[in-house]
Amino acid sequence: MIKTIDRFLDHLTMYRLVLYYLMALVSAALVLGFAKLVPNDPIALAFTTALTLAACWLTNKVFAHVFAVPANNESVYITALILALILDPVAATDIKGIAAVVFASVWAISSKFILAIGRKHLLNPAALGVALSALLLDQPATWWVGGNLALLPLVLLGGMLIVRKLRRLDLVSTFIVVALATVLATTEPSQYGSALSQTLGSSPLLFFAFVMLTEPLTAPTMRRPRIAFAAIVGFLFAPNIHIGPLYFTPELALLAGNLFAYAAGPKGRFVLTLERIEQSAVDSFDFVFRSPRKLAFEAGQYLEWTLGLDRADNRGNRRYFTVASAPTEETVRLGVKFYPQSSAFKRGLMTMKPGSTIHAAQLAGNFTLPARRETKIAFLAGGIGITPFRSMLQYLLDRKERRPIVMLYGTEGQQDIAYRDVLGAARQELGIMTVHAVARGGERGQYPGYIDERLIRLAIPDYLERTFYISGPQAMVKALRQKLLAMGVRRSKIKVDYFPGFA
């Protein structure tokens, strides 16, 4: 069952999954409204949804043109649907209500542009829009989606899929635990049962955690700051927390957490200019970019890359890819494998010429070299999963730093082997051996077939002493992880290359 779910999730980007989730919630609320199972008027909800979509779309078009940045329609629709789910539905005759909805929508989208530092927006757009609507127009968000028991199963089911996709269980669980603990700490013991029931069943706690808290651009990417962020927002989320006369609402709690996330995380968005394209293997290419300023990162980390596409497919115009270059190199390198039915994003990459630009942000990832240089390491790479290892090996070469590393590199054929120059230099200069597992057409000295238990035992006899890094197709990564566990390798000594939005 879990494997089936993961296969489904692997073919959806994070943004598309969240968009489908919100669409399902709005659709369910409309149906339940006609059945009188939720208190909202379905006609008013349909009108409000259309209003937020139109206001957000138009505002985004205007600001994207003025600021000359690629528009992300999925992000616009997500913000609009969130607003429709947390603002009170308004009727077509309610002029004041319409003005408040449009005001919140315009500010939500415009904040991505005018409240951005280093081209990275600072605050959660929907949270800011409803906070300003409450402050300036006295039209607060009701967060009605969280107060409907009829919608709770769908909120839970879709939310769990999002958490599974993003691998953000630590973020969501920390937030919920801290929020509930704070609610209990500020409640009379005799009221504990009522407080817990109301918080879990009649408050926006779960929807907020699954959708608002996990928004990637305004939350920390590294684990420790992420946990601190969740704890801060969870504490302020509790309804009895206040500073003087100011009581925190869910949106104010999130905005306070966003400020911490900005202070604790990498700053800004980069506009990278294509310098050249290099072919690394038969269907793989490296896009080498110039950056206006030095990109500070650790070898093995990834970025979110955004292209301005006229027509995006169901994978969107934002994708996560490992940085294939080393922190010691002057250029930023993106390594991509192309397939016969490649996504619109990859087709857009192939149309780029020297001088074309791409936007990059959200530097993150824990798939990095251990701090202790003497730690024994084994790299297991499959196909284009070689990219983080190319970054690490080039980094070690530039620093002339020797480490006890063995690499197993699996490919379908000889023509699929990428970065032969870096692998050869690492062997010659650093003594890092690469054993090639070639499924078809293996040559002398290469292992015929895929990376398996037999090869691991042959090439790495001291495998129980090593920390394993695995990067490649998801099916390969999962299979090798299970194989290593069965061979007695401790779970804590296996690191897999994962980033959100795998599709």
Side-chain angles (χ1 to χ4, degrees), residues 8-9 12-60 72-92 94 97-98 100-109 124-130 133 139-163 165-166 201-215 250-251 254 314 316:
F8 166 73
L9 294 177
L12 284 176
T13 63
M14 171 194 63
Y15 294 102
R16 190 54 60 100
L17 176 62
V18 174
L19 179 60
Y20 289 162
Y21 173 53
L22 296 173
M23 291 170 61
L25 284 174
V26 171
S27 301
L30 287 170
V31 173
L32 293 171
F34 281 112
K36 306 298 184 184
L37 294 176
V38 297
N40 299 322
D41 175 12
I43 303 300
L45 175 57
F47 174 74
T48 304
T49 302
L51 189 60
T52 59
L53 286 167
C56 287
W57 183 86
L58 182 60
T59 304
N60 187 71
N72 187 283
N73 288 331
E74 286 179 330
S75 177
V76 173
Y77 300 145
I78 287 169
T79 300
L81 292 176
I82 290 173
L83 292 173
L85 288 163
I86 66 178
L87 290 170
D88 237 5
V90 298
D94 182 0
I98 290 173
V101 170
V102 172
F103 179 87
S105 300
V106 170
W107 268 106
I109 298 300
N124 182 282
L128 180 68
V130 297
S133 177
Q139 293 283 322
T142 58
W143 294 87
W144 62 266
V145 67
N148 284 282
L149 289 178
L151 286 174
L152 185 59
L154 185 56
V155 169
L156 278 171
L157 177 62
M160 288 188 291
L161 291 177
I162 290 173
V163 173
K165 173 70 175 178
L166 297 179
S202 302
S203 83
L205 177 81
L206 297 175
F207 176 81
F208 181 94
F210 295 141
V211 175
M212 306 289 282
L213 193 73
T214 57
E215 201 276 326
E251 60 268 22
L254 183 56
N314 64 356

Problem set entry | Y21/V155 under side chain to side chain contact (heavy atoms under 4.5 Å, CB included): CA gap, chis, key distance, verdict | CA-CA 8 Å; Y21 173 53; V155 169; 3.6 Å; yes
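The distance from atom CD1 of I109 to atom CG of L128, rounded to the nearest 0.5 Å, is 11.0 Å. Atoms CD1 and CD, on I98 and Q139 in that order, are 11.5 Å from each other to the nearest 0.5 Å. I162 contributes atom CD1, which lies 7.0 Å from atom CG of L22 (distance to the nearest 0.5 angstrom). Note: F47 CZ to T52 OG1 = 10.5 Å, rounded to the nearest 0.5 Å. The CG atom of L213 sits 12.0 Å away from the CZ atom of F207 when rounded to the nearest 0.5 Å. Atoms CE and OG1, on M23 and T49 in that order, are 11.0 Å from each other to the nearest 0.5 Å.
For N40, there are no side-chain hydrogen bond (donor to acceptor under 3.5 Å, both in side chains) partners, not counting sequence neighbours. Residues meeting the side chain to side chain contact (heavy atoms under 4.5 Å, CB included) test with L157, sequence neighbours left out: none. Remark: A150 pairs with L32, V38 by the side chain to side chain contact (heavy atoms under 4.5 Å, CB included) rule, at least two apart or across chains. Qualifying side chain to side chain contact (heavy atoms under 4.5 Å, CB included) partners for L149, counting only residues two or more places apart in sequence or in other chains: L152. In this view, W57 satisfies the ring pair (Phe, Tyr, Trp, His ring centres under 6.0 Å) rule with no residue, not counting sequence neighbours.
Inter-residue side-chain proximity for F34 and I43 is flagged as met; some heavy-atom pair is nearer than 4.5 Å. A heavy-atom distance below 4.5 Å is found between the side chains of L45 and W144.
Between the side chain of Y77 and the main chain of C56, no donor-acceptor pair closer than 3.5 Å is present. N148 places no side-chain N or O within 3.5 Å of a backbone atom of L151 that could act as its donor or acceptor partner. Of the possible polar contacts, one joining the T48 side chain to the V90 backbone as a donor-acceptor pair under 3.5 Å is found.
Taking every heavy atom of both residues into account, A126 and M212 meet most closely at CB-CE, 4.0 Å. Considering all non-hydrogen atoms of both residues, L154 and A24 come closest at CD2-O, 3.6 Å. When all heavy atoms of A55 and S105 are compared, the pair lying nearest together is CB-CB, 3.7 Å. Considering every non-hydrogen atom in both V163 and F210, the closest pair reads CG2-CD2, 3.7 Å. Of all non-hydrogen atoms in A209 and T214, the two that sit nearest each other are O-CG2, 3.4 Å.
For W143, the CH2 atom sits in a packed shell: over 12 heavy atoms of surrounding residues, nucleotides or ligands are nearer than 6.0 Å.
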Donor-acceptor contacts under 3.5 Å from residues 79-89 side chains, at least two apart:
residue, atom, partner, partner atom, Å
T79, OG1, S75, O, 3.1
D88, OD1, T142, OG1, 3.3

